[in-house]
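Working notes, beginning with the structure itself.
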Amino acid sequence: MQDRKHTPVKELLTSTEVDREVTVKGWVRTKRGNSFVQFIALNDGSTINNIQVVADMTKFSEEELKQVTTGAAVGVTGTLVKSTGAGQTVEIQATQVFVYGVADPEKFPLQPKKHSLEFLREIAHLRFRTSTFSAVFRIRHALTFAIHKFFNDRGFYNIHSPIITGSDAEGAGEIFRVTLLNAKNPPLKEDGTVDYSQDFFGKETNLTVSGQLEAELGALALSKVYTFGPTFRAENSNTSRHLAEFWMIEPEVAFADINDNMTLAQDMLVSVVKYILENCEDDLKFLSGRLLDEEKSKPEAERSPLELIEKLKFVTENDFVRLTYTEAIEILRESKPNKKKQFNYLINEWGADLQSEHERFLVEKHFKKPVILYNYPAAIKAFYMKQNDDGKTVAAMDILFPGIGEIVGGSQREEVYEKLHRRITEVGIEEKSLWWYLETRQFGTVPHAGFGLGFERLMMFVTGMTNIRDVIPFPRFPKNAEF
RNA sequence: UCCUUCUUAGCUCAGCUGGUUAGAGCACAUGACUGUUAAUCAUGGGGUCGCUGGUUCAAGUCCAGCAGAGGGAGCCA
């Protein structure tokens, strides 16, 4: 059995070539039946669907199949035949069953029934074995591939930006320090502060919060680049939309402005969602059903108006709304919830930072489609963003998605040395730490733009999962680094 | 970090204004049944009621602290 070549379940289920001997290897989902015939639902992760193995009990002893329990790893050889039952078109009439690894039914935590996502999160080492999570992670792979394909097709180069960096320059959040110094007794300088010159890198280092600055360096030579890698934020964020370790896609394009940037982001989102619609139909159907099921227990007002696949098609078939921050403020100021004082933060004047309630109003109530907001007040945005001629806004843009909020944040970058330098001083960043970034504005600087896409946020949208901890295999968040 | 709800069997949950031996469904074990689809039916085993302390004759139930989880908010992607 161990030597025998086996066929993926996915292949067998779509096979029209029956009455031939086949071998499958996978994990048992359920076994049921009686003393005359037993049915084993086998899954090998190649598809959401199981293949049904039929064991005629005149050919097998009870003892032989005793270890074939939910969770056990087995190999089966038999004849692929048309099924006489209703649930499947083909099945395997077993001639030989081999148990690779048992799963004690008293102890194996997964049952052939619904488990709460919270419980499965506690057994993340086994949750791949469930239909929901195998579907989610197959889609995660497909989405990764679709993103690389999109950029490759458009002539972008993938840049591997460093994970350990010496700059926390972006100010994008709290950093995770990387050090080999003895935490209990670090070397000290004369003034009593830690002497990082004795550390591994000879300076303070941390895990990256963004690959953007490095991507810019690449774009100013290769014209079109993107990064796709893990980023780390030590924020004490306890929400269903934040992780301490998450994956980010950051394209950067030379000779491009804020409008090109918005078009690129929209094209990318439409393209990758289309790819998933075309290539992950079975998994999407399952997740759509799961979502509908879950929403049944919610009050009608909170249910989403579209089911998952319709929601994805809606994004690929409709234009995103583009409006300036200033226009958004006008709409919000005149909106019903603002006049009736239903917002927790009322919009009174230009310059206010938008809260999630405002973003949700625009996306879910007012426009009912993805919204791109651009030209934000400089005061509420990062130092590297292109300062507009009006003297008060920067060429920044955010893409807001229904149910998820901000999925993309980007901008045209400030390419003029003097303006960038002045901004760095204003914000109080140490110029020395960014000498290399500033230098690119002195040697062949050009207008350029890029954005950051939170991969897990996109995963949430595509899979309909509502907690970000369920779209990454092993989530990292405050008080948890298990597995 | 803030607000709020929750923590009872392997899982999902019930347990009233504190009062005998803490319940159900599923799962598991045993048995029955000639093709099941989360199979069905019968029987059975399974609990330090999150942890620590307090109030009380008496605490799963009331109070306090701690820990963890869910939802919302902030920070953001």
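Below, each value reflects all heavy atoms present in this structure, side chains not excepted, and no hydrogens, waters or symmetry copies. Letters A, B, ... are given to chains in the order of the sequence lines, protein chains preceding strands, and every chain is numbered from 1.
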* Structure fact -> Applying side chain to side chain contact (heavy atoms under 4.5 Å, CB included) to Lys311(A) and not counting sequence neighbours gives Leu306(A), Leu308(A), Phe461(A)
* What string of B, S and - do you get for nucleotides 27-36 of chain B 5' to 3' if you count protein non-hydrogen atoms under 4.0 Å? -> SSSS--BSBB
* **His448(A): ring-ring contact (aromatic ring centres under 6.0 Å, His included) partners, not counting sequence neighbours** => none
* **Nucleotide-resolved protein contact map, nucleotides 68-74 of chain B, B/S/- at heavy-atom distance under 4.0 Å** => SSSSSBB
* Go through the structure and list residues passing side chain to side chain contact (heavy atoms under 4.5 Å, CB included) with Asn261(A), not counting sequence neighbours. => Met397(A), Ala449(A), Phe451(A)
Extract all donor-acceptor atom pairs below 3.5 Å that involve side chains of residues 462-470 of chain A and protein atoms in other chains or at least two apart in sequence.
unit_1	atom_1	unit_2	atom_2	d
Thr463(A)	OG1	Met459(A)	O	2.7
Thr463(A)	OG1	Met465(A)	N	3.3
Asn467(A)	OD1	Arg469(A)	N	2.9
Asp470(A)	OD1	Arg121(A)	NE	2.9
Asp470(A)	OD1	Arg121(A)	NH2	3.4
Asp470(A)	OD1	Arg127(A)	NH1	3.2
Asp470(A)	OD2	Arg121(A)	NH2	2.7

* Spacing of the C1' atoms in A64(B) and A22(B) (rounded, Å) -> 25 Å
* **ring-ring contact (aromatic ring centres under 6.0 Å, His included) between Phe228(A) and Tyr157(A), worked out** => CA-CA 11 Å; Phe228(A) 190 162; Tyr157(A) 297 108; over 10 Å; no
* Pairs where residues 353-367 of chain A contributes a residue and the test salt bridge (Lys or Arg N to Asp or Glu O under 4.0 Å) is met, not counting sequence neighbours -> Arg360(A)-Glu364(A)
* Structure fact -> In short, salt bridge (Lys or Arg N to Asp or Glu O under 4.0 Å) pairs touching residues 54-82 of chain A with sequence neighbours left out are none
* Structure fact -> Those residues at least two apart in sequence (or on a different chain) that pass side chain to side chain contact (heavy atoms under 4.5 Å, CB included) with Ala481(A) are Arg476(A)
* To do: Could you name each residue pair satisfying salt bridge (Lys or Arg N to Asp or Glu O under 4.0 Å) that touches residues 130-145 of chain A, not counting sequence neighbours?
  => Arg138(A)-Asp283(A), Arg140(A)-Glu456(A)
* Given Watson-Crick or G-U pairs with both distances under 3.5 Å, what dot-bracket string fits RNA chain B, with | for other-strand pairs and [ ] for crossing? -> (((((((..((((.....[...)))).(((((.......))))).....(((((..]....))))))))))))....
* Structure fact -> Residues passing the side chain to side chain contact (heavy atoms under 4.5 Å, CB included) test with His160(A), sequence neighbours excluded, are Asn158(A)
